[in-house]
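As structure tokens, the structure follows; a few thoughts come after it.
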2 protein chains.
Amino acid sequence: MSKYDALNIKQIAELSGVSVATVSRVINQNGRFSSETEARVRRVIEESGYVPNFVAKSLRTSKNHVIGIIVPDILNSHFAGLVLELEKKLFAHGYSTVICNTNESIELEKKHIDTLIAQQVSGVIFISGTKTCKVTQDIPAVYLDRRPASYCEPSDRVLIESDNRTGGYLATQKLIESGCRNIAVFCSRDMDTNQQARFIGYQEALAESGLSCDEAMTFDLHEVSILQARDEMLRIFPSIPNLDGVLCMTDTIALGVITGLHELNITIPEQVSVTGFDDAPLAAYFQPPLTTIRQDIGALSGAAVESLIKMINGEKLESQHVVVPVSLVVRKSTRQQV
Amino acid sequence: MSKYDALNIKQIAELSGVSVATVSRVINQNGRFSSETEARVRRVIEESGYVPNFVAKSLRTSKNHVIGIIVPDILNSHFAGLVLELEKKLFAHGYSTVICNTNESIELEKKHIDTLIAQQVSGVIFISGTKTCKVTQDIPAVYLDRRPASYCEPSDRVLIESDNRTGGYLATQKLIESGCRNIAVFCSRDMDTNQQARFIGYQEALAESGLSCDEAMTFDLHEVSILQARDEMLRIFPSIPNLDGVLCMTDTIALGVITGLHELNITIPEQVSVTGFDDAPLAAYFQPPLTTIRQDIGALSGAAVESLIKMINGEKLESQHVVVPVSLVVRKSTRQQV
DNA sequence: TTGAAAGCGCTAACAA
DNA sequence: TTGTTAGCGCTTTCAA
């Protein structure tokens, strides 16, 4: 039983009174055929509502025009935004996308990758700093937004990431400009290399202003969650009497910190300034609206899609490593410049 | 040039010293074979890292184990949560998912559906109240969370939705219990039938308490966005001096309303109580934390997956129309019971 | 300009 | 228990 009694190319050929080869040529616009024949075939296709079978086409051509996207957590609005843009751009190029949530699990990621390989996807975009993806050595792939732990510069793989270092620098600079002198850092440096880069930017900004980097002011969370950040804020606050600024390595952490500060009846930004990172869709609606670092989702996704398609087509890449600029978005969670 | 010089079943057969049929039997665990043969074949597969070609398998069996999910906007956390759960459950059943964002565009939706048909997907889950999906008449499909405008009860299609009416009722009842007597409704009833059902629940709750339903207190937004809701709040507030409650048909709208009230220096819930709908991940972190209606994402996605897989396998369905209960989550945006 | 036919990798019916 | 083989729908070479 065929699921939807689909026509095949042979039936279209019969209805048009031509051979299957000719129908194929008309559909794919290659080879030669009279405009008369073309018109007849087109009409039959139109009238019958024929849709070519991509599965058969893929088998024959070894190209299925599907791209796999490996993403840690689609619920995170930063990743969701990235995936949405990728999907739009790939669709415009004629590619479908299979989105694979890994939930940060290496096991699950491996299973997903096997499935993608079995499906013969044309390429893969990794938004995931996985350590083990040698499985896909021969498949066009791009790393986006997260640098694999194993990555080393002269790599055969393309890496596209934000200028995290500058982001960390700008946010810290803003806090310093706002008069903060005792800045705590809320991060989760084990998570990915982005946070490490942001941390370096933070250290640079401190150094530049002649402030010292006190390890006791750095708080590493076990996971990036609102609740963890809020709990940590409540825990550490009593021990830092002169705290006047918190540099949060993601907007999610910032929301937790803000929540904690509210519970402590600390006013933001009068008593403590807070900055985030990502510019999540809701960041402008936090209370107070969050000063944060905006990542350029359009540029990130654009570079990823462009690179990947070039790789698939066997074209030469201009760059193996794209660093996308970030920008500071000033809102109300930091004091006006003093 | 094969992209990743993949082995095929024939090579595995040769390496194992058996026929392709036997290899196929071992892989799919059907037919009979000696445990000796099985062990040999398994070892070869293991050592060679062979992954069967799903494309060929799909072509042969007309089953590709891919499900298409049509979703309006993956950036909306309610939809993102639903999609994430669907993906997890389908993956556990051996299905991959192709996620298609329509951005509420019928055009785009049609293109996506054509692509899905061409890919010979095994089924489709529509999280989308599209009016025109007869294209897929013969493909197993489930409507989830949004009722198609054309839907009529004794349908050949499965519909899975939350008990929106009760949700609207419970939220309104909570506002009334909190002492509200002049309740405004912020909705976007053109968007989908869910909002219409919630509105009926609202009317029922009012009637039950002997309150009248004043059409002048109903505000329909052109789109569900934080900014629109906030703007509308600012616009209407001056004309409703005794406003003491706002029933918001989604959490997104509620966030806009809260933002507007903050700007008007109105305290929540002392002066005005606010309720939402969805229980978005961030709803607990609004200021104040939002009283809202929780939709059971697990139950919704579970029912959808179960129904769809039964349809694909040609099994009989217990129910064509599943209504999933909702629950009231009380937080700080409504006054304590008076 | 068009058609015949091989074959992509796999499954499944039939044969042994 | 295992092997042989047709054929899923399509593209593409070769021939006409």
Side-chain angles (χ1 to χ4, degrees), chain A residues 1-42 44-45 48-66 115 117-122, chain B residues 1-42 44-45 48-66 115 117-122:
Chain A
M1 177 197 71
S2 79
K3 277 179 316 218
Y4 23 107
D5 46 340
L7 295 153
N8 59 31
I9 198 170
K10 203 170 154 198
Q11 293 169 296
I12 299 300
E14 277 164 14
L15 288 170
S16 319
V18 297
S19 71
V20 292
T22 300
V23 175
S24 173
R25 289 188 190 107
V26 168
I27 291 171
N28 298 294
Q29 292 290 299
N30 60 16
R32 306 224 153 268
F33 39 80
S34 68
S35 56
E36 202 179 335
T37 309
E38 175 172 13
R40 201 162 60 245
V41 173
R42 285 211 173 288
V44 171
I45 289 176
S48 63
Y50 167 68
V51 180
N53 183 326
F54 263 52
V55 176
K57 180 172 180 156
S58 301
L59 180 59
R60 186 53 231 251
T61 61
S62 307
K63 296 206 160 296
N64 70 351
H65 280 239
V66 173
T115 308
I117 291 177
Q119 285 180 54
Q120 310 277 99
V121 293
S122 301
Chain B
M1 179 197 71
S2 80
K3 277 179 318 221
Y4 23 106
D5 46 337
L7 295 153
N8 59 30
I9 199 170
K10 203 170 155 198
Q11 295 169 297
I12 299 299
E14 279 165 14
L15 288 170
S16 318
V18 297
S19 71
V20 293
T22 300
V23 176
S24 174
R25 289 187 189 108
V26 169
I27 290 171
N28 298 294
Q29 292 290 301
N30 60 14
R32 307 225 154 266
F33 40 81
S34 69
S35 55
E36 202 178 335
T37 308
E38 174 172 14
R40 202 164 59 245
V41 172
R42 285 211 172 288
V44 171
I45 289 176
S48 62
Y50 167 69
V51 180
N53 183 325
F54 264 52
V55 176
K57 180 172 178 156
S58 301
L59 179 60
R60 186 53 231 251
T61 61
S62 309
K63 295 202 161 299
N64 69 353
H65 281 239
V66 174
T115 307
I117 291 176
Q119 285 180 53
Q120 310 277 97
V121 294
S122 301

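Within every chain, numbering begins at 1; the chains are lettered A, B, ... in the order of the sequence lines, protein sequences first and strands thereafter. Since the model is a prediction, treat every value here as computed from it, not as a measurement. Quick note: numbers below take in every heavy atom, side chains included, and nothing from hydrogens, waters or symmetry partners.
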Note to self: With side chain to side chain contact (heavy atoms under 4.5 Å, CB included) as the criterion, how do I27(A) and Y50(A) come out once you've worked through the C-alpha distance, each side chain's angles and the decisive distance to 0.1 Å?
What the structure shows: CA-CA 11 Å; I27(A) 291 171; Y50(A) 167 68; 3.7 Å; yes

Checklist line | I12(B) CD1 to dG9(C) P, straight-line distance once rounded to whole Å | finding: 12 Å

Notebook entry, point to check: Taking OP1 and OP2 of dT11(C), is either one under 4.0 Å from a side-chain nitrogen or oxygen of S24(B)?
Noted result: yes

Item checked: Q11(B) CD - dC8(C) C1' separation (whole Å) -> 13 Å

Check: Nearest-Å distance, CG (L59(B)) to C1' (dG7(C))?
Finding: 12 Å

Check: Taking only side-chain nitrogens and oxygens of S58(B), does any of them come within less than 4.0 Å of OP1 or OP2 of dC8(D)?
Finding: no

Note to self: Quick check for you: among dT4(D), dC8(C), dA4(C), whose closest atom lies nearest to any side-chain atom of A21(B)?
What the structure shows: dT4(D)

Check: Out of dG3(D), dT1(D), dT1(C), which has the shortest distance to the side chain of V18(B)?
Finding: dG3(D)

Margin query: Whether T22(B) contacts dT2(D) is assessed here as follows: a side-chain N or O lying under 4.0 Å from the phosphate OP1 or OP2. Is that the case?
Written below: no

Notebook entry, point to check: Should T61(A) be listed as having a side-chain N or O under 4.0 Å from OP1 or OP2 of dC10(D)?
Noted result: no

Notebook entry, point to check: If only side-chain N and O atoms of N8(B) are considered, is one of them under 4.0 Å from the OP1 or OP2 phosphate oxygen of dG9(C)?
Noted result: yes

Notebook entry, point to check: When you measure from the side chain of R32(A), which nucleotide among dA5(C), dT2(C), dG9(D) comes out closest?
Noted result: dT2(C)

Check: Between atom NZ in K57(B) and atom P in dA12(C), what is the gap in whole Å?
Finding: 8 Å

Next item on the list: Would you confirm whether N28(B), through its side chain, and N30(B), through its main-chain N or O, come within 3.5 Å as a donor-acceptor pair?
Entry: no

Item checked: 5′-ward residue of the pair K10(A)/R40(B) relative to DNA chain D -> R40(B)

Item checked: Distance-only donor-acceptor test, R60(B) side-chain atoms vs dG9(D) base atoms, 3.5 Å -> no

Checklist line | Test item: N53(A) side-chain N/O and N8(A) main-chain N/O as donor-acceptor pair under 3.5 Å | finding: no

Check: Nearest-Å distance, CZ (F54(A)) to P (dG9(D))?
Finding: 16 Å

Check: Are more than 12 heavy atoms from other residues, nucleotides or ligands located less than 6.0 Å from atom CD of E36(A)?
Finding: no

Notebook entry, point to check: If you look at every heavy atom in A13(A) and S19(A), which pair is closest and at what distance?
Noted result: CB-C, 3.7 Å

Next item on the list: Using a cut-off of strictly less than 4.0 Å, decide whether Y50(A) has a side-chain nitrogen or oxygen near OP1 or OP2 of dC10(D).
Entry: yes

Notebook entry, point to check: In whole angstrom, what separates E36(A)'s CD from dT1(C)'s C1'?
Noted result: 11 Å

Note to self: Is the phosphate of dC8(C) approached by N53(B) (side-chain N or O, under 4.0 Å from OP1 or OP2)?
What the structure shows: no

Notebook entry, point to check: Any side-chain N or O of N30(B) less than 4.0 Å from the OP1 or OP2 oxygen of dA12(C)?
Noted result: yes

Item checked: Short side-chain to backbone donor-acceptor contact, N64(A) and Q120(A), under 3.5 Å -> yes

Check: Once you round it to whole Å, what is the distance between C1' of dG9(C) and CD of E14(B)?
Finding: 14 Å

Notebook entry, point to check: Which whole-number value in Å describes the distance from L7(A) CG to dC10(D) C1'?
Noted result: 15 Å

Item checked: Nucleotide nearest R25(B) when distance is taken to its side chain, options dT2(C), dT2(D), dC8(C) -> dT2(D)

